Amino acid sequence: MKLSTSARLGLLTIALFGIGTWACQTSRSTGVASTADAASAVYVAPGEYDEFYAFMSGGFSGNLTVMGLPSGRLLKTVPVFSQYAENGWGYNEETKEMLQTSYGFAAWDDSHHPELSMTDGVPDGRWIFINANNTPRIARIDLTEFETKEILEIPNSAGNHGSPFITPNSEYVVATTRFSVPVPNRDMSIEEYAGNFKGMLSFIRANDPGNMDVAFQIIMPGYNYDLAHAGKGPSDGWMFFTSYNVEEAHTLLEVNASKRDKDFIAAVDWKRAEECVAEGAARTMPARYVHNYKGEDRIARSVMKESVTVLDPTACARLVYFLPTPKSPHGVDVDPTGRFIVAGGKLATVIPVHSFEKMIAAIAAEQFEGVVDGIPVLQYDAIIAGEVQDPGLGPLHTEFDGRGFAYTTAFISSEIVKWSLETFEVVDRIPVYYSVGHLMIPGGDSREPWGKYLVALNKMTKDRYLPTGPELAHSAQLIDISGDKMRLLLDFPTMGEPHYAQAIPAELILDKQLRLYRLSENRNPFATMGEGAAKVTRQGRRVDVHMTAIRSHFAPDNIEGIEVGDSVFFHVTNLEQDWDVPHGFAVLGMETAELLIMPGDTRTLLWRPTRPGIYPFYCTDFCSALHQEMQGYVRVSPLNSGVPVAWGTGGRLTTGQPAN
Amino acid sequence: MTMSTRSRALTAAAALLLVPAFFLPIWTIDLVAPQYPEGIGLEIMVNTIRGQGEWDLQNINGLNHYIGMKEIHPESIRELAIMPWLLGGILVLGLIAAATGRKRLLQAWLVVFVLLAAAGLVDFWMWGYDYGHNLNPDAAIKVPGMAYQPPLIGSKQLLNFKATSWPGPGGLLAFASLGLGVLGLWLDRSRGPLRQNAGAAADAQAEDPRHAAA
């Protein structure tokens with residue numbers, strides 16, 4: 001009997017509904033702490049600080065949000081891959097170049113996985129990395145300033161979902177290609193996918209600020225590569241990647257890539273890769289990708305790179321092994337001891353746990369069930385440490401509390417399941433609302449988790465908050481995992497889709513926070529170091545306004561001689577050297593963004609006036625009792641009207657000619 | 001008319017106590033306002049005025065412009081050019097008094113010290129009066145009857161700021177120095193001055209073999 005495609009889809013949907021209902025019925029308890037207990041557990045008194053900084057990916061908003069735990073309060077939005085008019089990120093002259101790619105200026109992206117830098121397998125609070133999924137990139141954010149400092153594009157990659165997972169001493173962050181594509185990418189028939197499209201695993205040097213680069217790439221069969229995690233302890237030196245679509249389907253993957261019972265985890269010995277690269281086993285491939293970084297002057301530069309080092313597993317023996325894993329594995333997580341590799345199979349009915357020790361033994365004993373494109377496939381039974389039974393439906397991601405327990409999200413049955421790393425038996429479960437993807441325990445993917453809280457990152461919030469039209473708030477849930485039973489403490493909304501998150505004890509970064517930039521060390525070439533140096537200059541149709549801002553005025557605050565058709569660069573320097581006193585700058589009719597200038601910094605906004613008139617400008621960030629008076633005027637005259645460039649503050653306008 | 005060894009040692013110690021006073025704040029003014037929970041303040045050194053934090057002076061000057069107070073520019077305050085010399089002079093005089101053991105020098109030292117300290121406080125008060133009262137008529141914030149003179153010592157509310165003025169470690173050392181000098185003199189009170197003032201009785205005592213032996 002042959003079923004049409006739509007009939008098969010219909011059956012699949014019914015099946016999913018069916019098991020969803022079953023899951024709801026089997027939920028054992030709601031696990032909600034009493035309201036008063038929960039409230040007091042997340043209450044942070046006025047003036048007190050949260051215990052943890054949580055870094056939530058902004059999902060399709062392309063940024064990173066910083067929230068306090070346990071309160072769930074929003075502390076900051078850090079723009080990364082998307083223009084952000086609130087502070088001019090991606091609009092002003094100092095940050096525009098950060099959004100350059102080999103495809104041109106990319107004003108948006110989709111950010112999934114924040115990843116904290118590590119020392120000795122423990123988050124150290126120096127930096128956080130995050131991926132751009134759509135136009136493959138990885139960014140480094142400095143946690144003394146909470147500002148994006150560097151963005152590296154990933155060549156030969158298409159759909160940078162599985163990144164940036166980090167090695168224990170931040171040697172590398174990795175980037176996998178979600179979509180296999182021709183390498184190098186070229187015009188060809190999609191039907192020729194099998195064998196011609198390739199996957200790429202990229203290792204990016206991560207511990208040299210300002211110099212992120214692709215150290216090497218490993219060219220792989222044309223599967224979809226999903227997520228990754230680094231080995232640690234005994235498994236340090238290895239990186240594990242999940243893949244699906246070993247069927248190498250190129251259409252209707254929901255059916256065609258779900259046929260086989262098992263897909264693969266690719267285990268990569270990255271120290272071996274370093275050896276092969278050093279021995280010259282890699283080849284240099286032409287590739288165009290950009291590296292954007294902020295220099296000492298805090299101005300972004302974009303540099304085009306021309307080539308990349310690519311390693312073929314057939315040219316480097318003992319580099320990659322495939323671990324068969326049921327079924328369409330999504331997450332791959334390594335426990336704090338580094339002994340177990342836990343896979344989450346989207347469609348699997350058990351959680352398979354591979355043993356690193358057994359894997360090494362199986363490699364030594366050559367217990368292979370086959371070889372694919374030169375990559376040995378290990379025997380499933382030879383490497384499996386155990387299978388967790390009844391783990392919920394659609395197990396995806398696992399994190400650890402450091403006390404011998406693992407916590408796995410079950411997407412379809414909307415629950416979190418706690419199980420033992422000794423017995424591989426489920427010991428507790430708690431429902432979440434609804435369709436949980438990742439979960440996060442502070443340090444829960446590291447060698448030493450701070451296993452007090454768990455955050456569930458949910459996809460849906462029906463009935464959890466006041467409804468807001470068709471688009472509802474996105475949600476996270478805070479769960480207490482300090483006791484034997486999990487307890488739900490808090491629902492809190494997040495920005496964008498909170499795909500994944502990381503968290504770190506506040507004390508690790510609190511004292512490193514920069515309060516201001518030293519004006520004396522401002523290296524922006526257009527910095528104005530004092531009001532006496534404020535001026536306006538013209539060169540052809542370009543006008544540069546060298547402006548200062550201090551409570552509560554701009555200098556100059558009267559400008560004349562601007563003409564329609566000019567390109568006016570407002571270079572505004574904030575002269576303040578006081579904590580929490582930024583100044584803003586906006587001008588009537590501005591088509592792009594405002595400026596937000598931190599104390600001691602200079603930011604530049606380009607303005608092209610289109611019609612004559614008087615244009616007020618003002619400070620947008622409340623700064624003092626006289627904030628409202630912090631304003632000025634620009635006179636715009638018709639083209640070629642010959643009004644001389646002149647400016648002034650508190651007196652007559654000057655033309656900059658020396659007084660006689 | 002000479003000082004006891006003990007008194008000379010005290011005088012020398014008193015003079016030497018002034019050495020660190022060259023490097024420590026003589027006086028401090030702490031300012032606390034709701035929007036400056038971490039505090040902001042001034043330190044008056046022997047030769048300059050500086051902020052307690054790196055940018056405090058600049059920020060206090062910035063805040064003062066709202067109420068029309070003059071900016072504080074240490075390099076233009078004449079007293080700060082003279083003070084190191086006066087303090088140095090007191091130090092040297094104290095050392096000379098200790099070295100020579102001449103009680104009159106110690107007395108002179110104390111008198112000069114007290115006079116200069118008093119003059120310093122008066123000058124500080126006048127300086128504060130001038131800054132607090134001599135306001136720019138164009139100031140943005142004018143509160144009828146309000147002056148912004150910081151207290152000479154103690155606390156006072158100046159609009160949103162609570163200003164607390166107190167001797168700094170250098171000032172406390174100077175007071176301690178003065179105290180040691182007075183102590184030295186007091187311990188020798190039965191020597192010199194009594195004899196002088198007692199006149200004939202003292203002369204008679206001088207002939208007393210018991211006193212001669214002492």
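By convention in this document, chain letters (A, B, ...) are assigned in the order of the sequence lines, proteins followed by strands, and residues within each chain are numbered from 1. No experiment lies behind these values; they were computed from the predicted model shown.
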A:Y618, OH atom: more than 12 neighbouring heavy atoms under 6.0 Å: no
Near A:K512 NZ, under 6.0 Å, is it more than 12 heavy atoms from other residues, nucleotides or ligands? yes
Decide if atom CD of A:E629 counts as having more than 12 heavy atoms of other residues, nucleotides or ligands within a radius under 6.0 Å. yes
Beyond-backbone contact of B:W55 with A:D578, side-chain heavy atoms, under 4.5 angstrom: no
What option among A:I550, A:V581, A:L516 has the most heavy-atom pairs under 4.5 Å with chain B? A:L516
Got more than 12 heavy atoms from elsewhere within 6.0 Å of CH2, A:W579? no
Is atom CE of A:M529 surrounded by more than 12 heavy atoms (other residues, nucleotides or ligands) closer than 6.0 Å? yes
Donor-acceptor under 3.5 Å (B:N59 side chain, A:Q577 main chain): yes
Using 0.5 Å steps for rounding, measure from the CD atom of B:E38 to the CZ atom of A:R515. 5.5 Å
In terms of heavy-atom proximity below 4.5 Å to chain B, should A:L519 be classed as side chain, backbone, both, or neither? neither
Out of curiosity, B:Q35 CD to A:S624 OG, how far, rounded to the nearest 0.5 Å? 10.5 Å
Proximal component of B:I40, with respect to chain A [non-hydrogen, under 4.5 Å]: neither
Find out whether A:R518 and B:E54 are in side-chain contact, i.e. whether some heavy atom of one side chain is under 4.5 Å from a heavy atom of the other. yes
Just wondering, are more than 12 heavy atoms of other shown residues or ligands nearer than 6.0 Å to CE in B:M126? no
